[in-house]
2 protein chains.
Amino acid sequence: MTARSRPGSEPNACTDDEELLPRGQRKQRTRDALIDAALQLMNEGRSFNSLGLREITRVAGVVPTSFYRHFKDTNELGLVLVEESGLTLRRMLREARRAGAPVKDMIRRSVQVYKAFVLSNRLHFLFVAGERSGGSPVIRSAIRNEVDQFIDEMTQDLRHLAIFPNLSPESLRMVCELVVNTMLHAATDILDLPPGDEALARAQEDNHVHQVRLIFLGAQLWREETEKA
Amino acid sequence: MTARSRPGSEPNACTDDEELLPRGQRKQRTRDALIDAALQLMNEGRSFNSLGLREITRVAGVVPTSFYRHFKDTNELGLVLVEESGLTLRRMLREARRAGAPVKDMIRRSVQVYKAFVLSNRLHFLFVAGERSGGSPVIRSAIRNEVDQFIDEMTQDLRHLAIFPNLSPESLRMVCELVVNTMLHAATDILDLPPGDEALARAQEDNHVHQVRLIFLGAQLWREETEKA
DNA sequence: TCAGTTGGTGGACGTATGTTCACTCATGAG
DNA sequence: CTCATGAGTGAACATACGTCCACCAACTGA
């Protein structure tokens with residue numbers, strides 16, 4: 001579950017530096033340092049399963065052997081990372097739920113909110129987008145589970161919002177899968193976009209908006225009985 | 001350009017084994033062996049940039065130093081792999097062009113042809129799908145170029161087929177991008193699917209068909225002037 | 001036929017890796 | 001206060017890595 005204070009490196013809370021925390025929190029501290037180290041290394045363009053144990057501990061500022069106090073493997077750390085990323089996705093959904101459905105320009109607004117969310121959770125999205133198809137089999141399947149779960153929840157939400165009363169639950173899920181895959185790929189675009197180029201950013205946003213709009217357009221017109229045996 | 005006889009390991013042509021070829025072909029031979037070794041290692045679940053030079057040469061059956069006679073880097077081998085995969089994609093497009101547009105059940109047929117193509121070019125699709133978002137930055141951007149080019153060509157094809165006369169060139173490209181991203185992700189599903197489970201395979205195929213059908217449905221209904229400033 | 005070119009070899013190097021072990025020494029429970 | 005617990009240390013290991021070098025042998029072009 002890992003109730004870490006991250007994301008967004010908190011500047012040391014109020015206690016000046018260290019030395020005053022109970023044992024458990026000190027442990028959690030270096031555990032977080034290890035996880036953050038892995039994320040930071042991926043932020044430099046590396047892929048997760050090319051990271052070495054020693055490399056991670058070096059960035060985290062501990063000795064290699066300390067790693068084993070927290071994980072038996074780099075793979076185990078990866079699974080924790082998957083879990084964390086899942087929490088981030090779920091948090092996004094929760095916030096979207098709270099915001100409700102803005103009636104006008106809903107899709108564009110959602111894309112903008114999504115982009116902001118991706119940027120402020122850059123490391124998690126980098127990890128998910130990067131390892132979803134590329135990583136080690138065990139991590140890949142863990143991510144797949146997390147994303148499937150996310151799609152299910154999104155399906156439930158759209159179902160309750162009754163935006164597509166014409167769709168059966170199965171078709172609604174299919175639409176959500178399409179949207180999620182599209183936006184997860186969009187995350188790669190967003191994260192790769194060089195900062196500062198405002199025109200290019202707008203073009204990219206337009207592109208994402210159009211794609212989702214087109215999907216929704218198709219969904220509104222979808223009829224179930226288009227099937228043949 | 002690499003006019004290799006692969007894909008699909010040819011069983012030694014007609015000449016019994018070796019020793020009779022001119023110098024250049026001999027060189028190409030071990031070069032192919034290196035490339036195939038990398039692909040085969042990825043087929044075992046590894047990601048490309050976790051492959052080591054020695055590991056590749058070991059599988060290829062040559063000594064590590066031989067590697068440098070062909071590539072200066074594993075990264076350079078990766079770029080060759082990108083180029084090859086691009087050729088595979090282009091080949092797919094060419095075959096699709098030749099086959100023309102079957103009027104009835106066109107989408108389902110296309111999805112089936114695509115699935116067959118992915119399976120018989122498993123290694124290239126595995127490489128592209130895996131490294132598209134996960135690999136080293138230089139390989140990622142090389143793949144992005146290749147895929148962008150592919151999208152452009154597909155856009156031209158659809159334009160000449162005049163299936164969507166309502167779409168501007170930009171919108172048509174947007175649709176193609178959506179389709180390509182969807183089907184490239186579908187390749188992951190297809191390759192991960194355990195063989196033998198026919199029911200699951202049909203469900204997966206239906207899913208892919210529905211997604212493309214929904215995109216096309218949206219594309220047919222798309223109107224340009226939905227934009228605001 | 002002969003010399004030059006060159007793909008492949010084998011050994012060696014410095015360095016990095018994952019994992020082990022015995023060791024500190026502050027913490028927190030009794 | 002005492003003392004067992006356990007997070008973090010430092011040294012050492014076997015192994016793997018990328019890269020360099022001198023060398024061979026065979027194909028090539030003259």
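Within 6.0 Å of CZ on A:Arg46 lie more than 12 heavy atoms contributed by other residues, nucleotides or ligands.
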For nucleotides 28-30 of chain D, list the nitrogen or oxygen atoms of the protein found under 3.5 Å from its nitrogen or oxygen atoms, one pair per line.
{"residue": "D:dT28", "atom": "OP1", "partner": "B:Arg23", "partner atom": "N", "Å": "3.1"}

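Whole-Å rounding puts the B:Leu34 CG to C:dG7 C1' distance at 12 Å. As rounded to whole Å, 11 Å separates atom P of D:dC17 from atom CG of B:Leu41. Here the P atom of nucleotide D:dA25 and the CZ atom of B:Arg26 are 15 Å apart, to the nearest Å. Atom C1' of nucleotide C:dG7 and atom CD of B:Gln28 are separated by 13 Å, given to the nearest angstrom. Atom CD of A:Gln25 is separated from atom P of D:dA7 by 15 Å (rounded to the nearest Å). As rounded to whole Å, 15 Å separates atom P of D:dG18 from atom CZ of B:Phe71. C:dG8 atom P lies 13 Å from atom CZ of B:Phe67, rounded to whole Å. Separating the NZ atom of A:Lys27 from the C1' atom of C:dT27 is a distance of 14 Å, rounded to the nearest angstrom.
Considering only residues two or more places apart in sequence or on other chains, A:Val113 meets the side-chain contact (heavy atoms from CB on, under 4.5 Å) condition with none of them. Qualifying side-chain contact (heavy atoms from CB on, under 4.5 Å) partners for B:Glu146, counting only residues two or more places apart in sequence or in other chains: B:Val82, B:Arg90, B:Gln149. Contacts of B:His185 classified as side-chain contact (heavy atoms from CB on, under 4.5 Å), with partners at least two apart in sequence or in another chain: A:Arg132, A:Asn181, B:Asp189. In this view, B:Arg173 and B:Asp152, B:Glu177 satisfy the salt bridge (charged side-chain N to carboxylate O under 4.0 Å, His left out) rule, not counting sequence neighbours. With sequence neighbours left out, A:Arg97 forms a salt bridge (charged side-chain N to carboxylate O under 4.0 Å, His left out) with A:Asp157. For B:Asp73, the salt bridge (charged side-chain N to carboxylate O under 4.0 Å, His left out) criterion is met by no residue, not counting sequence neighbours.
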Return a single string for nucleotides 15-24 of chain C, one symbol per nucleotide in 5' to 3' order, where B is base contact, S is sugar-phosphate-only contact and - is none, cutoff 4.0 angstrom on heavy atoms.
--BBBBB---
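Within the structure, side chain to side chain donor-acceptor pair (under 3.5 Å) contacts touching residues 56-67 of chain B (residues at least two apart or in different chains) do not occur.
Looking at heavy-atom distances under 4.0 Å, B:Val63 makes contact with a base.
For B:Thr30 and C:dG7, the shortest distance from a side-chain N or O to OP1 or OP2 is not below 4.0 Å.
Considering A:Val111, A:Asp197, A:Ile190 as possible partners of A:Gln204, the one that fulfils the side chain to side chain contact (heavy atoms under 4.5 Å, CB included) test is A:Ile190.
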